[in-house]
S.K.: 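Dropping a structure here in structure tokens format, bear with me for questions.
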Number of protein chains: 2
Amino acid sequence: MDKNLKKRETMHRLCAKGLEVFHEKGYYNTNLDDILKDLSLSKGAFYHHFKSKEDYFIAIVQNLVQQKVYALLVEPLNTHENPLPVILDSIEKALEPGRPNEIAYGFMLNDFITEFSKRNEEIATYLRDILKVWEVNLVSILKRGKVDGYIARHVDCEGAASYIIASYLGMRTLLAESTNRQLKYNYVQQLKLYFNAIEERQVVA
Amino acid sequence: MDKNLKKRETMHRLCAKGLEVFHEKGYYNTNLDDILKDLSLSKGAFYHHFKSKEDYFIAIVQNLVQQKVYALLVEPLNTHENPLPVILDSIEKALEPGRPNEIAYGFMLNDFITEFSKRNEEIATYLRDILKVWEVNLVSILKRGKVDGYIARHVDCEGAASYIIASYLGMRTLLAESTNRQLKYNYVQQLKLYFNAIEERQVVA
DNA sequence: GCTTAAACCGACCCGCCGGTCGGTTCCATT
DNA sequence: AATGGAACCGACCGGCGGGTCGGTTTAAGC
């Protein structure tokens with residue numbers, strides 16, 4: 001059963017490198033040869049494992065992007081603490097690439113969604129669904145925060161969730177290629193100010 | 001001098017239609033024939049007026065996009081009133097297409113910058129410069145607001161400006177193709193809450 | 001060690017689209 | 001009416017890149 005291992009190994013290498021290159025240069029601006037050359041693989045090898053470039057990308061999204069976004073931005077919300085610091089912390093961590101040159105997974109969503117919105121509605125939907133999961137989890141933790149007396153009663157949780165997501169996505173356009181640490185820091189500071197505005201003044205001890 | 005008029009007329013028609021189609025389908029996903037067919041013009045006519053597709057797009061950006069963004073988001077800031085309502089109002093107006101199906105000019109910046117960041121750094125720079133002008137004007141009106149006692153002293157004006165821009169740009173990704181009126185309304189509401197957080201509590205009468 | 005199928009190779013195909021170019025039409029000027 | 005140049009036409013070119021396909025290598029099973 002060494003063959004089976006080889007297959008998984010090759011597909012994994014393809015996906016990892018694909019994510020890297022697609023993220024760096026965009027999907028439509030990347031040609032398969034660029035990736036295959038890097039991995040010393042041939043067209044034949046590629047089409048043995050994937051039906052098409054599109055199929056390949058969907059596999060990458062489902063196996064890598066989705067998992068990482070959930071791990072960084074959704075799972076941390078599964079707690080009963082004060083929601084606002086939890087959200088802030090998850091976003092801060094998501095913005096901070098752990099190892100040097102690691103990819104900020106949240107950011108690539110903005111790029112890919114923008115790219116596919118005009119080109120391929122099917123893939124755009126896959127990507128938007130990932131955001132949607134983040135959104136419903138944000139809404140639900142915010143609502144619980146209201147019940148628990150952490151968040152002001154007047155706050156519209158759906159509105160707040162989209163607003164948080166929007167600002168997070170928009171940062172990508174501003175950061176662009178420059179890994180501007182200052183900008184990231186500023187963003188988190190302003191988000192804190194916004195959180196001040198929606199938190200319950202008299203915390204129910 | 002009828003020839004001169006004809007030239008301007010044709011170039012104007014090309015730019016207007018180009019903006020419409022590029023915005024709808026993206027620059028790289030639009031081929032010139034799509035545009036030329038709509039206008040009943042030929043390749044020859046096009047290359048008589050523009051050096052290249054790229055040259056054409058730059059003309060569109062400078063003649064249409066830049067002008068509109070400045071008119072909607074920069075010029076309104078040139079006032080001595082309380083900055084926060086002024087900013088809010090300009091953004092609200094910019095989000096609201098006047099005539100039905102008119103383009104929200106701010107939004108296209110996010111799309112175009114994302115598209116060109118990975119493909120053509122020269123054009124990306126043109127586009128980012130437009131944002132930059134908005135940013136410096138935001139910073140300056142915020143700083144004046146601080147002096148005039150409208151904005152809390154602790155506020156980082158540069159940070160606030162990028163944060164406002166980020167949230168505005170990020171909305172595009174969420175709105176995508178659906179002209180979701182509710183989402184726009186929610187966004188403005190949350191922006192108001194953020195503005196509450198940065199305004200001076202004791203307004204100097 | 002032979003068979004068989006999976007894994008892989010790489011030359012080739014072909015549609016798409018930006019750009020070219022030799023020509024035609026229109027119109028201001030004389 | 002003749003001229004010349006601007007505006008425009010549209011068939012064609014050529015590179016690029018996704019996808020194909022016949023062939024070769026590798027290794028599991030017997």
Side-chain angles (χ1 to χ4, degrees), chain A residues 1-61 112 115-116 118-123, chain B residues 1-61 112 115-116 118-123:
Chain A
M1 276 297 129
D2 201 28
K3 276 285 175 65
N4 212 328
L5 258 178
K6 194 79 194 298
K7 181 188 180 77
R8 294 169 66 90
E9 153 82 6
T10 301
M11 289 181 78
H12 181 264
R13 285 208 307 146
L14 275 166
C15 285
K17 175 59 76 177
L19 179 61
E20 184 190 323
V21 181
F22 286 144
H23 176 245
E24 189 191 324
K25 314 199 329 180
Y27 175 82
Y28 289 105
N29 195 33
T30 300
N31 55 332
L32 294 178
D33 287 337
D34 291 348
I35 295 172
L36 295 171
K37 201 175 164 192
D38 266 28
L39 298 176
S40 302
L41 285 174
S42 67
K43 278 275 181 70
F46 178 87
Y47 281 93
H48 179 72
H49 293 295
F50 298 99
K51 282 210 321 288
S52 64
K53 188 186 181 186
E54 190 179 316
D55 175 61
Y56 173 47
F57 185 76
I58 291 175
I60 290 174
V61 169
F112 285 144
E115 193 173 9
F116 287 109
K118 311 253 171 100
R119 287 266 206 158
N120 186 320
E121 200 47 47
E122 187 199 346
I123 294 187
Chain B
M1 278 296 130
D2 200 28
K3 277 284 174 64
N4 213 327
L5 258 178
K6 193 79 195 296
K7 181 187 180 77
R8 295 169 67 88
E9 153 83 7
T10 302
M11 288 181 78
H12 181 263
R13 285 207 308 147
L14 276 166
C15 286
K17 174 61 74 178
L19 178 61
E20 183 191 323
V21 180
F22 286 143
H23 176 245
E24 188 191 324
K25 313 199 329 181
Y27 176 83
Y28 290 105
N29 195 33
T30 299
N31 55 333
L32 295 179
D33 287 337
D34 291 347
I35 294 171
L36 295 171
K37 202 174 160 194
D38 266 28
L39 298 176
S40 302
L41 285 173
S42 66
K43 278 274 180 72
F46 178 87
Y47 280 93
H48 179 71
H49 293 294
F50 298 99
K51 283 212 320 287
S52 63
K53 187 186 181 186
E54 191 178 315
D55 175 60
Y56 173 47
F57 185 75
I58 291 175
I60 290 174
V61 169
F112 286 144
E115 192 173 9
F116 287 108
K118 311 255 170 94
R119 288 264 205 158
N120 185 320
E121 200 46 47
E122 188 200 346
I123 293 187

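Keep in mind that this is a model prediction, so the values were computed, not measured. Atom set for the values below is all heavy atoms of this structure, side chains included, hydrogens, waters and symmetry mates excluded.
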S.K.: Both conditions, 6.0 Å and 45 degrees, for the charged tip of Lys53(A) above the ring of Tyr27(A): are they met here?
M.R.: yes
S.K.: Pick the nucleotide of DNA chain D nearest each of Ala45(B) and Glu54(A); which residue has the one closer to the 5' end?
M.R.: Ala45(B)
S.K.: Is the ring centre of Tyr28(B) less than 6.0 Å from the ring centre of Tyr28(A)?
M.R.: no
S.K.: Once you measure the plane-to-plane angle for Phe50(A) and Tyr56(A), does it fall in the parallel (<30°), tilted (30-60°) or perpendicular (>60°) bin?
M.R.: tilted
S.K.: Please report, rounded to the nearest Å, how far the P atom of dA7(C) is from the CG atom of Leu14(A).
M.R.: 13 Å
S.K.: Compare the minimum distances between each of dG19(D), dG19(C), dA6(C) and the side chain of Lys53(A), then state the nucleotide with the smallest one.
M.R.: dG19(D)
S.K.: Write down the distance between NZ (Lys7(B)) and C1' (dA28(C)), rounded to a whole number of angstrom.
M.R.: 16 Å
S.K.: Side chain of His49(B), heavy atoms from C-beta onward: which of dG19(C), dC9(C), dA7(D) has the nearest atom to it?
M.R.: dA7(D)
S.K.: Taking CG from Asp33(A) and P from dC16(D), how many angstroms apart are they, rounded to a whole number?
M.R.: 11 Å
S.K.: Just the rounded figure in Å: distance from C1' of dC17(C) to NZ of Lys25(B).
M.R.: 12 Å
S.K.: Distance criterion of 3.5 Å, no angle test: do you see the side chain of Lys43(A) paired donor-to-acceptor with the base of dG19(D)?
M.R.: yes
S.K.: Reading DNA chain D from 5' onward, which residue's closest nucleotide shows up sooner: Gly44(A) or Asn31(A)?
M.R.: Asn31(A)
S.K.: Rounded to whole angstroms, how far apart are CG on Leu36(B) and P on dA11(D)?
M.R.: 14 Å
S.K.: To the nearest Å, how far apart are Phe46(A) CZ and dA11(C) P?
M.R.: 19 Å
S.K.: Find the distance Phe57(A):CZ to dG19(D):C1' and express it as a whole number of Å.
M.R.: 19 Å
S.K.: What's the closest nucleotide to the His48(A) side chain, out of dG19(C), dG19(D), dA6(C)?
M.R.: dA6(C)
S.K.: Atom CD of Glu9(A) to atom P of dC8(C): distance rounded to whole Å?
M.R.: 9 Å
S.K.: Which side chain to side chain donor-acceptor pair (under 3.5 Å) pairs, counting each pair once, include a residue from residues 36-49 of chain A, with sequence neighbours left out?
M.R.: Lys17(A)-Asp38(A)
S.K.: Between dC9(C), dG18(D), dA6(C), which nucleotide has the shortest distance from any of its atoms to the side chain of Leu41(A)?
M.R.: dC9(C)
